[in-house]
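To start, the structure itself, in structure tokens.
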Amino acid sequence: MSLMAERWRKGVFFMPTMVCGREATDREVVSRDGSHYSLSSGILPSLGARSNRRVKLRKFIISPYDRRYRGWETFLIILVIYSAWVSPFEFGFIRNPTGGLALADNIVNGFFAIDIILTFFVAYLDRATYLLIDSPKQIAWKYTRSWFILDFVSTIPNELARKILPPSLRSYGFFNMLRLWRLRRVSALFARLEKDRHFNYFWVRCAKLICVTLFAVHCAGCFYYLLADRYHDPDKTWIGSSMPNFHEKSLWIRYVTSMYWSITTLTTVGYGDLHAENTREMIFNTFYMLFNLGLTAYLIGNMTNLVVHGTSRTRKYRDTIQAASGFAQRNQLPVRLQDQMISHLSLKFRTDSEGLQQQETLDALPKAIRSSISHYLFYNLVQKVYLFRGISCDLLFQLVSEMKAEYFPPREDVILQNEAPTDFYILVTGNVDLIDHKNGEQIIGVARAGDVVGEIGVLCYRPQLFTVRTKSLCQLLRLNRTTFLSIVQSNVGDGTIIMNNLLQYLKDKKEDPVMEGVLREIENMLTRGHLDLPLTLCFAAIRGDDFLLHQLLRRGLNPNEADNNGHSALHIAASKGSDHCVRLLLDFGADPNCRDLEGRVPLWEALLGKHKAVVRLLVDNGADLSSGDTGLYACTAVEENNIDLLKDIRRYGGDITLPRKDGSTALHLAVCEGNSQLVEFLLEIGANIDQPDFHGWTPRNLADQQGHDEIKALFEDKKAPERTASFKSPRPVPHLIGKYSSEPVIPHISQDGLLESSNNIRRRANFHNSLFGVITSAHVNKSNSELHSPVGASRGIGGNYYRNSLLRVTISCPEKGNTAGKLVLLPESMEELLDIGAKKFGFLPTKVLTKDGAEVDDVKLIRDGDHLILASNDWAGDVNT
């Protein structure tokens with residue numbers, strides 16, 4: 001909490017962000033005003049990466065990662081190189097710089113003075129919290145405590161320094177030597193270039209070693225000349241003994257002579273012509289040669305590492321090949337195996353040198369990044385493999401994350417026939433041969449990109465059927481059997497889909513005697529329950545395998561387990577007419593009245609399939625249709641024009657006058673179909689001809705609107721009796737809350753005693769706890785009279801839905817000769833009303849008028865039963881004509 005408080009106090013904090021549906025790898029900084037900016041490239045930069053985003057800091061504060069500031073720092077590097085040469089040179093050869101050299105020195109000092117001022121406005125990175133500090137006070141305090149003093153002293157002009165120093169030190173240029181402090185910038189530059197992937201590491205390192213050597217030679221030559229220049233007897237110096245009156249020589253000759261001495265001493269090839277003549281020079285030479293020992297060791301060590309690094313990979317490859325060849329010869333391996341060994345090692349060397357070994361790269365990354373990369377590279381390929389068709393996305397993502405990418409050279413065995421099934425492979429690129437060795441070596445098939453090999457052995461835990469040998473360079477995805485089964489164990493429904501896919505694949509290959517034998521063996525293993533792959537009751541019910549079903553039930557599986565749609569094994573067995581499976585499930589306690597998400601019960605599935613034995617068995621165990629959505633059943637029977645099915649629904653406890661979820665009843669559909677026989681039957685059992693659906697249509701309105709004279713006559717002759725219980729319009733179905741597709745659906749008992757899936761429970765709870773659910777419940781609980789009242793229905797939030805769904809108006813178009821009008825439901829907007837008029841009367845109306853000639857500009861002003869006139873802008877006729 002203290003860290004978060006500190007980050008908030010500083011005005012920024014880190015938070016994970018989502019990019020294209022996944023969590024971003026960048027860390028984003030969010031300021032208190034809500035703005036976002038990335039610091040990932042500045043805090044932990046990738047090699048050579050530069051941020052494309054601007055950091056939002058306080059006014060007049062500069063980001064250290066700003067491109068313009070980086071350019072300024074690069075310009076200062078050039079000035080540092082000048083200082084590194086001129087400072088020792090002036091210290092050794094020039095007592096009082098004047099003219100152009102003094103002017104250049106002051107100009108360079110001026111630029112560094114500007115940089116000192118600029119530094120007080122550059123944000124810095126707090127290494128403890130990885131926050132950019134943009135507070136001016138904190139920036140100034142940090143700079144003054146670190147490098148400010150040395151930076152300031154190194155910029156003092158020579159003229160001012162001579163006035164400050166004592167007379168005895170004014171000519172020694174000590175302030176010039178302090179400017180070598182600026183070399184820290186060059187060191188930081190090389191450190192950054194060595195990590196930058198855009199620059200070759202070998203040449204950057206060589207450039208650094210050359211610069212270090214030249215600077216050491218330059219400084220030593222300048223310092224050594226200073227000893228001779230300041231000595232009281234010039235003839236008894238290293239340069240005076242070989243060059244009398246050397247002060248009269250040109251500056252260039254003296255400088256070259258000093259560099260010559262420094263180079264010969266550094267390379268230990270002196271002293272023949274230039275050597276120490278006095279004690280001071282001997283002491284200096286002693287320390288300089290001791291320094292050369294360390295410098296030479298540093299240079300030789302670095303150059304050796306660079307050279308060895310370039311040749312170590314080839315040397316390691318040669319040693320590996322020699323070891324493999326020696327092993328093969330000692331053990332007298334066949335030539336084919338020797339070739340495979342050498343080919344594999346050669347391919348590994350090539351892929352390493354060309355950067356193709358993907359798995360080594362992935363293994364060095366965190367699991368989240370590895371999963372994202374694998375998903376991007378291989379997800380589209382894996383989801384097309386026949387074995388994984390139809391499984392959930394979350395299981396597929398887990399499988400892809402655990403797959404290992406490998407390369408195999410041509411003519412190499414990937415799987416051997418009859419070996420233990422430890423892995424199976426998916427081909428990404430290349431082709432492989434499937435070889436059978438039972439009757440000699442026979443190629444019985446070829447697998448290509450997108451195919452899977454070795455899956456039968458892994459799923460059935462039997463020896464591998466074939467030898468798999470590459471025909472060309474192949475990239476394969478390998479998945480371990482143990483890993484695969486552990487993932488599938490937590491996704492039982494998907495395990496069933498995978499097994500079904502395998503069985504269907506083998507059935508399609510039944511013309512192959514080998515595959516036909518494998519299919520029979522797998523079916524026997526399924527019956528005995530010897531497969532490690534998790535199976536569900538639904539899988540056994542789909543197959544109609546009562547023995548397997550009995551084995552699974554004896555293991556303690558829940559007899560009411562359901563798939564993602566709430567469809568239980570009893571639903572499946574009833575729909576297939578498997579009376580043995582139905583009896584087993586009922587004996588083990590399966591609920592005969594369990595509902596799926598659509599409101600279907602097992603008895604309805606048996607009635608649809610006309611499985612009389614299953615119907616009788618379910619009824620004997622207490623099944624009836626009242627537990628399901630009888631409105632759905634009745635509507636389905638009407639759609640199939642099946643009056644016998646309607647009678648069966650009534651016989652087994654279903655009320656065929658109830659509406660389904662959209663509010664329509666069987667009578668509505670019968671009227672729409674124009675089926676007078678079904679309408680007459682429904683009227684005889686008490687169907688209500690004035691019961692509206694969610695859109696306000698009643699069967700009577702539908703008959704009038706569609707012109708079914710025979711049905712209208714039935715309505716007139718035989719009015720349906722009023723139902724004792726007032727009709728309550730079903731609540732709108734709320735949107736399902738998303739869930740993992742592999743999550744099992746556990747049935748629950750609803751408040752009215754019906755078996756209900758956990759999906760329905762969750763969906764209903766989420767809906768009723770929402771604001772719209774509370775408001776909708778309040779409207780639904782109102783009386784019928786208030787609901788049909790335009791005033792009462794339009795009260796409060798949500799009133800427009802009920803108001804517009806029940807208001808009916810008459811529209812006419814005198815302009816087109818229609819004055820009688822047509823009865824329509826009032827839409828939700830004026831635009832929709834004009835569109836209805838355009839379809840009804842065949843022209844484009846632009847305004848709506850009342851019968852009194854007043855123009856209507858809002859649909860909320862229209863009441864139930866109003867007569868509206870549709871007209872164009874230029875129409876000036878009488879609305880009553």
Run the numbers on F215 and I210 for side-chain contact (heavy atoms from CB on, under 4.5 Å), then give the verdict. CA-CA 9 Å; F215 178 73; I210 292 173; over 6 Å; no
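K142 forms a cation-pi arrangement with Y124, by the criterion of a distance under 6.0 Å to the ring centre and an angle within 45° of the ring axis. In this structure, R182 is positioned above the aromatic face of F112, its NZ or CZ under 6.0 Å from the six-membered ring centre and within 45° of the axis.
Residues A276 and N285 approach most closely at CB-ND2, 3.4 Å, considering heavy atoms. Across all non-hydrogen atoms, the minimal contact from R185 to L76 is NH1-CD1, 3.6 Å. The minimum heavy-atom distance linking T265 with N292 is given by the pair O-ND2, 3.5 Å.
D273 and W261 share no side-chain donor-acceptor pair at under 3.5 Å. Checked by atom type, the side-chain pair D229/H247 shows a donor-acceptor distance below 3.5 Å. A donor-acceptor pair shorter than 3.5 Å cannot be found between the side chains of T257 and Y225.
Under the 6.0 Å cut-off for aromatic ring centres, F120 and F148 qualify, their centroids lying closer than that. In this structure, the ring of H218 has its center less than 6.0 angstrom from the ring center of Y255.
Sorted by first then second residue, the salt bridge (Lys or Arg N to Asp or Glu O under 4.0 Å) pairs that include residues 199-213, not counting sequence neighbours, are E194-R205, E194-K208.
Looking only at distances, no side-chain donor or acceptor of N245 sits under 3.5 Å from a matching main-chain atom of E248.
Side-chain contact between R179 and N109: present, with at least one pair of heavy atoms (C-beta onward) separated by less than 4.5 Å. The side-chain heavy atoms of Y298 and L209, taken from C-beta on, include a pair separated by under 4.5 Å. The side-chain heavy atoms of E402 and S374, taken from C-beta on, include no pair separated by under 4.5 Å.
Here E406 pairs with R478 in a salt bridge; the nearest charged N to carboxylate O distance falls below 4.0 Å.
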